[in-house]
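Reviewing the structure listed below.
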Amino acid sequence: MTAPTTDIDVLHYSAFTTHPDGGNPAGVVLDAAALADDDAAMTAVAARVGYSETAFITERDEAARRYRLRYFSPLAEVAFCGHATIATAVALADRDGPGELIFDTASGEIRVETTADGDGPSRATLTSVPTRSRPADPGAEVEPTLAALRWSADDLDPALPPHVAFAGNDHLVLAAVTRERLADLDYDYEALEAVMRRRGWTTVHLVWREAGGGSADEVTNGFVFHARDPFPVGGVVEDPATGAAAAAFGGYLRALGLVDGPTRVRIRQGEDMGRPSDLLLDVTPDEPRARVSGQAVRIPRSG
């Protein structure tokens, strides 16, 4: 029997932004001990909140700043969610002060460093589980995905081949040849959902590499990417900021040999949805884990 959930205190944060109207919103439940063994109740809360994910702290060791963290979309549990991790970490930093946190997730241990950012929102940097990336199968994986996206093979950047990348869950990485192709996203929801469920992907990580880059203190090697992440398996058309996919993308860049030293990548996401998001990805060639950073801000409650 599902426990009553109407009295569960859900905080609303938006991650990878400094403004409530940007970034990716997440629900955060700092005390979900009463729901620890009730997946249906947590799914119900996530569905009521309506964001792509809601995070639940089900166990805690306050002295060690260690927490058991679970993530639910409106449809089901998700093994790992980057933006909800950032949101939860900032919520804890807002309550308890900055410092290091440890989250035990279904994907493994995630360490997060939180820092105060002057007068602005706190910043959090998560270190992922070890990443990996492999070439996608052209027939079984790429072809049906392109069909669902209503893309053709000519829409892909030949310098950035399709891969399935992992950093807690799997994401198909497809690189668009132009920014216009990335902006024009009108996919077959049911067809893409079917492919993703069959392959076990959490999102399809669509990217476009911007020529040039930012200033030297923002980005090394001129790595600036724009990204979009369809998320039909979670009941959401598109994610405006996807930290888990960003971490997996770090493994993708390493696998392609594009990282020959400590590299910072800026990922711009959510622009085509009207929710601009900034993710910073740090990757090194000899470390399989990726680091993803961003700020998060509390969303005021209306009514």
Side-chain angles (χ1 to χ4, degrees), residues 12-28 49-55 71 73-74 78 80-90 117 120-126 149 165 167 169 171-176 178-187 189 192 201-210 213-214 218-219 223-250 252 264-281 290 292-300:
H12 295 230
Y13 272 79
S14 198
F16 299 113
T17 183
T18 59
H19 195 278
D21 292 335
N24 196 355
V28 178
V49 172
Y51 297 150
S52 58
E53 274 97 6
T54 294
Y71 314 91
S73 81
V78 177
F80 176 65
C81 174
H83 84 273
T85 299
I86 296 294
T88 303
V90 169
D117 207 17
S122 296
R123 179 175 295 275
T125 300
L126 68 84
L149 290 171
N169 37 39
H171 307 262
L172 176 67
V173 179
L174 296 177
T178 65
R179 181 67 179 90
E180 290 74 21
R181 172 70 277 182
L182 184 67
D184 184 18
L185 182 62
D186 178 23
Y187 69 91
Y189 186 95
L192 187 58
W201 302 331
T202 298
T203 73
V204 176
H205 191 55
L206 306 173
V207 300
W208 173 72
R209 182 172 175 175
E210 181 180 316
E218 288 182 321
V219 181
F223 277 8
V224 178
F225 284 87
H226 298 252
R228 303 188 74 171
D229 279 72
F231 186 38
V233 294
V236 176
V237 173
E238 182 180 355
D239 226 9
T242 316
F249 189 61
Y252 169 84
R264 170 159 284 188
V265 181
R266 182 185 181 193
I267 300 173
R268 290 282 296 168
Q269 194 175 338
E271 296 164 306
D272 299 301
M273 301 174 62
R275 296 196 66 92
S277 308
D278 272 298
L279 301 83
L280 293 179
L281 167 66
V292 179
S293 303
Q295 292 171 279
V297 62
R298 184 86 174 262
I299 301 172

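For the single chain, residues carry numbers from 1 onward in sequence order.
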Go through it in stages, so that I can follow the logic: the residues are R275 and S14, the test is side-chain contact (heavy atoms from CB on, under 4.5 Å), and I'd like the CA-CA distance, side-chain angles, deciding distance and then a yes or no. CA-CA 10 Å; R275 296 196 66 92; S14 198; 3.4 Å; yes

Set out, in order, the CA-CA distance, both residues' side-chain angles and the distance that settles side-chain contact (heavy atoms from CB on, under 4.5 Å) for L206 and L174, then state yes or no. CA-CA 5 Å; L206 306 173; L174 296 177; 3.8 Å; yes

Derivation of the salt bridge (charged side-chain N to carboxylate O under 4.0 Å, His left out) call for R228 and D184: CA-CA 11 Å; R228 303 188 74 171; D184 184 18; over 6 Å; no

Could you walk me through whether R266 and D278 satisfy the side-chain contact (heavy atoms from CB on, under 4.5 Å) test, starting with their C-alpha distance in whole Å, then the side-chain angles of each, then the deciding distance to 0.1 Å, before giving a yes or no? CA-CA 7 Å; R266 182 185 181 193; D278 272 298; 2.8 Å; yes

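Between the CG atom in L281 and the CD1 atom in I267 there is a gap of 5.0 Å [rounded to 0.5 Å]. Summarising the geometry, atom CZ belonging to F231 is positioned 12.0 Å from atom CG belonging to L192; distances are rounded to the nearest 0.5 Å. A distance of 5.5 Å separates CG in D229 from NE2 in H205, rounded to the nearest 0.5 Å. In this structure, CZ in F225 is found 10.5 Å from CD in E210, a value given to the nearest 0.5 Å. Rounded to the nearest 0.5 angstrom, Q269 CD and E271 CD are separated by 9.5 Å.
The aromatic rings of W208 and H226 sit tilted, their planes meeting at an angle between 30° and 60°. Between Y189 and Y187, the ring planes are parallel. Angles under 30° get that label, and only those over 60° would be called perpendicular.
Closest of all the heavy-atom pairs between A124 and V90 is CB-CG2, 4.1 Å. Residue L279 comes nearest to A241 through the heavy atom pair CD1-CB, 4.2 Å, listed as atom of the first residue, atom of the second, then distance. Heavy-atom minimum distance, S293 versus T125: OG-OG1, 2.7 Å. Pairing each heavy atom of A15 with each of A87, the nearest pair is CB-N, 4.4 Å. When every heavy atom of V204 is checked against every heavy atom of P230, the shortest pair comes out as O-CD, 3.0 Å. In terms of heavy atoms, V173 sits closest to A165 at CG2-CB, 4.0 Å.
Counting heavy atoms from C-beta on, the side chains of H83 and I86 never come closer than 4.5 Å. In this structure, the side chains of I299 and P25 come closer than 4.5 Å at one or more pairs of heavy atoms. The shortest distance between side-chain heavy atoms of R209 and V224 does not fall below 4.5 Å. No side-chain heavy atom of L185 sits less than 4.5 Å from a side-chain heavy atom of D272.
The side-chain hydrogen bond (donor to acceptor under 3.5 Å, both in side chains) search around H12 returns Y51, not counting sequence neighbours. For F16, there are no ring pair (Phe, Tyr, Trp, His ring centres under 6.0 Å) partners, not counting sequence neighbours.
Looking at T88, T54, T85 one by one, the single match for side chain to side chain donor-acceptor pair (under 3.5 Å) with Y71 turns out to be T85.
At distances below 3.5 Å, at least one donor-acceptor pair connects side-chain atoms of T17 with backbone N or O atoms of H19. The backbone N or O of T18 sits nowhere less than 3.5 Å from a side-chain atom of Q295 that would complete a donor-acceptor pair. Using modelled atom types, one side-chain atom of S277 and one backbone atom of P240 make a donor-acceptor pair closer than 3.5 Å.
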